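Here the structure is laid out as structure tokens; the discussion comes afterwards.
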There are 2 protein chains.
Amino acid sequence: MGSRPDFSYVAKLMADSSRAAMLDALLRLDGLPANELARKANISLQTASGHLAKLVEGNLISVEKYGRHRYFRIASPDVAQAIEKLTIIAPAQRINSLKEFSRAEKVRIARTCYDHLAGKLGVSLTEAFLEKGYLVEGEVDFLVTDKGEKFFREFKIDLDALRNKRRYFARKCLDWSERRYHLAGSLGNAVLIRLLDLHWIEKLPDRAVRVTKKGRDGLYESLGITSE
Amino acid sequence: MGSRPDFSYVAKLMADSSRAAMLDALLRLDGLPANELARKANISLQTASGHLAKLVEGNLISVEKYGRHRYFRIASPDVAQAIEKLTIIAPAQRINSLKEFSRAEKVRIARTCYDHLAGKLGVSLTEAFLEKGYLVEGEVDFLVTDKGEKFFREFKIDLDALRNKRRYFARKCLDWSERRYHLAGSLGNAVLIRLLDLHWIEKLPDRAVRVTKKGRDGLYESLGITSE
DNA sequence: TTTATACTTCGATTATAACCGAAGTTTTAG
DNA sequence: CTAAAACTTCGGTTATAATCGAAGTATAAA
């Protein structure tokens, strides 16, 4: 079966922990120079240079030369998606300190991810939207159905205003602890703001979020979500 | 940010060409024993045994013991999807993303799952078998009733020959999109082959399946299945 | 022109793991 | 009970590649 593309070649490029650390850094913030990536992976510049050459050769990242600087980027959304899929089936990384663990536990339940809801609550909410047929899942974005248009209008979220904003509208965002997608983009942000306005949720320190008593009732009535 | 999963661990499991060959074989045909997989990867049984242990340990494949036999299968659709994504970015293959999307829609309706029917059609067929009393549902397998023996004989499927094959006979397989079980194993495979022989269904590119006009009539007459 | 910065190439060392022969374990078959 | 089959474990060998020091190239600044 020689004509089939060989996924082990790509897997090998991702399999080295130094290269993985650099890819991970580029997923968070692209356009980084080699010395920065070497630092993030805790390796010497020479070693990093070799790794980066392999990743470019394998079309996982691209490089732009500006004088003596070289800035690296993830080569395509397909690469990012492949890494996401691997992440979904990867075991969670061991957490070293107890202190980190207890904080991680708290934050797992409900938290904000930049400017939208993540954690168990963010994922539950998104899955309720999908199940009720308000959203459908595309490759990179969620799409709002007619039923969804109606729902969000009644929920006092102005979709047209959000669509006119110069940012993603209903982007898929992977939750690392739940290993599931949740709603990001301007719609994700609008949902967070609306839930805060309704006092259904409250912000706690360190990006954690708490569901209020009022919120428990509201979420159950409008979306059938029960807290555990 | 301590709880981020480490994708390089999974990538490493897929990075070895012998392991990749075995995973590839399991994507095409699941429920294979170790010696078969060793042969496909051109390695000794001892080496294969070590590789398979690692893949099981990493939750990429699962194993079920039946006496001195051990049958391996891809652990979950997530694993299959991750490999698919890696294949997309592997060299020497280009994919048109628009075509890709419309195909994904088609694939949800009817498709093959490794080597048997899945999707809405696979589930409907299996439920018809159950409803007519040709199959009953066990813990892990379906069981063929006396009525079923007669039906499959008339349908030109030789059950005794299938039972002698070195693989599962009538395994339950969960369809991810329909969230229902459908018929896998050698009987599931035989049903797929028979429907193709009868020209009731046709294979489309990439695991999608189409019900023909002849098939619509045949499925309705013999099993009362109507296409939606 | 000289020096500093950013990165690459080369070479030697070292760690990892893929590999198979041989021996061991478990289960079925006779 | 013995033998065969299917698979695992152990041990030694070998191939791969990750690593960094040292030296080299390219560009910019002084």
Side-chain angles (χ1 to χ4, degrees), chain A residues 6-26 29-58 60-73, chain B residues 6-26 29-73 75 163-169 186:
Chain A
D6 177 24
F7 66 82
S8 75
Y9 169 74
V10 184
K12 195 167 255 164
L13 288 175
M14 297 178 174
D16 178 77
S17 62
S18 300
R19 283 196 294 264
M22 293 193 281
L23 288 170
D24 189 62
L26 289 174
L29 185 66
D30 70 352
L32 293 173
N35 66 47
E36 194 76 8
L37 291 167
R39 203 181 50 77
K40 298 239 183 201
N42 287 311
I43 50 176
S44 71
L45 187 57
Q46 306 93 286
T47 304
S49 178
H51 282 313
L52 290 167
K54 284 180 190 176
L55 291 173
V56 169
E57 165 70 23
L60 293 192
I61 63 176
S62 61
V63 59
E64 278 158 63
K65 239 178 153 165
Y66 287 101
R68 62 184 163 181
H69 295 266
R70 285 158 61 88
Y71 298 110
F72 295 90
R73 290 172 198 288
Chain B
D6 175 24
F7 66 82
S8 74
Y9 169 74
V10 183
K12 195 167 254 164
L13 288 175
M14 296 178 175
D16 178 77
S17 61
S18 299
R19 283 195 294 265
M22 292 192 281
L23 288 170
D24 190 62
L26 288 174
L29 185 67
D30 74 345
L32 293 173
N35 66 47
E36 196 78 6
L37 291 167
R39 203 180 51 76
K40 299 237 183 203
N42 286 310
I43 50 176
S44 72
L45 186 58
Q46 305 94 286
T47 304
S49 178
H51 283 312
L52 290 167
K54 284 181 190 175
L55 291 173
V56 169
E57 164 71 22
N59 283 309
L60 294 192
I61 64 176
S62 61
V63 59
E64 262 143 89
K65 245 179 150 165
Y66 276 95
R68 64 184 161 182
H69 296 266
R70 286 161 60 89
Y71 298 110
F72 296 90
R73 55 193 346 220
R163 285 197 177 96
N164 286 332
K165 285 196 179 178
R166 251 196 317 208
R167 58 176 296 200
Y168 291 121
F169 170 61
S186 61

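Not measured: the values here are computed from a predicted model. To find a chain, count down the sequence lines: A is the first, B the second, and so on, and within it residues start at 1.
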Open item on the list: Rounded to whole Å, how long is the line connecting atom CZ of B:R39 with atom P of D:dA6?
Closed with: 13 Å
Open item on the list: Nearest 0.5 Å, please: how far is CZ in A:R19 from CG in A:L52?
Closed with: 10.0 Å
Task: Side chain of B:R70 - closest among D:dT19, C:dA18, D:dC7 - done: D:dC7
- [ ] Round to a whole Å and report the spacing from CG of A:L37 to P of C:dT8.
- [x] 11 Å
Task: Spacing between B:M14 atom CE and C:dA17 atom P, to the nearest angstrom - done: 17 Å
Task: N/O (side chain, B:T47) to phosphate O (OP1/OP2, C:dA18) under 4.0 Å - done: no
Open item on the list: By nearest heavy atom, map A:A48 and A:K12 onto DNA chain D; which one lands nearer the 5' end?
Closed with: A:K12
- [ ] Rounded off to whole Å, could you give me the CZ-to-P distance for the A:F72 and C:dT8 pair?
- [x] 6 Å
Task: Nearest heavy-atom neighbours spanning B:A20 and B:M14 - done: CB-O, 3.8 Å
Open item on the list: Expressed as a whole number of angstroms, how long is the span from A:I61:CD1 to C:dC7:P?
Closed with: 12 Å
- [ ] Using a cut-off of strictly less than 4.0 Å, decide whether A:N35 has a side-chain nitrogen or oxygen near OP1 or OP2 of C:dC7.
- [x] yes
- [ ] Counting heavy atoms from C-beta on, name the nucleotide in D:dA17, C:dA18, C:dC7 closest to the side chain of A:K54.
- [x] D:dA17
TODO: Provide, to the nearest angstrom, the distance between the CG atom belonging to A:L45 and the P atom belonging to D:dT25.
DONE: 17 Å
TODO: Drop me the distance from B:S8's OG to A:L23's CG, to the nearest 0.5 angstrom.
DONE: 10.0 Å
Open item on the list: Can you measure A:R19 atom CZ to D:dT19 atom P for me and round it to whole angstrom units?
Closed with: 8 Å
Open item on the list: Heavy atoms from C-beta onward define the side chain here; which of C:dT8, D:dT9, D:dA18 lies closest to that of A:D16?
Closed with: D:dA18
Open item on the list: Less than 4.0 angstrom from a charged side-chain N to a carboxylate O is my criterion; do A:E36 and A:R39 meet it?
Closed with: yes
TODO: Map A:I43 and A:K65 onto DNA chain D by nearest heavy atom, then report which one ends up closer to the 5' terminus.
DONE: A:I43
- [ ] Could you tell me whether the phosphate oxygens of D:dT8, OP1 or OP2, come under 4.0 Å of any side-chain nitrogen or oxygen in B:S49?
- [x] yes
- [ ] Send over the distance from A:E36 CD to C:dC7 C1', rounded to a whole Å.
- [x] 15 Å
Open item on the list: Walk me through whether B:I43 and B:H51 qualify under side chain to side chain contact (heavy atoms under 4.5 Å, CB included).
Closed with: CA-CA 10 Å; B:I43 50 176; B:H51 283 312; 3.8 Å; yes
Open item on the list: If the cut-off is 4.0 Å, is A:H51 near the phosphate of D:dA17, judged by side-chain N/O to OP1 or OP2?
Closed with: no
- [ ] Compare the minimum distances between each of C:dA18, C:dG21, C:dC7 and the side chain of B:Q46, then state the nucleotide with the smallest one.
- [x] C:dG21
TODO: For C:dG21, take OP1 and OP2 only and decide whether either is under 4.0 Å from a side-chain N or O of B:S44.
DONE: no
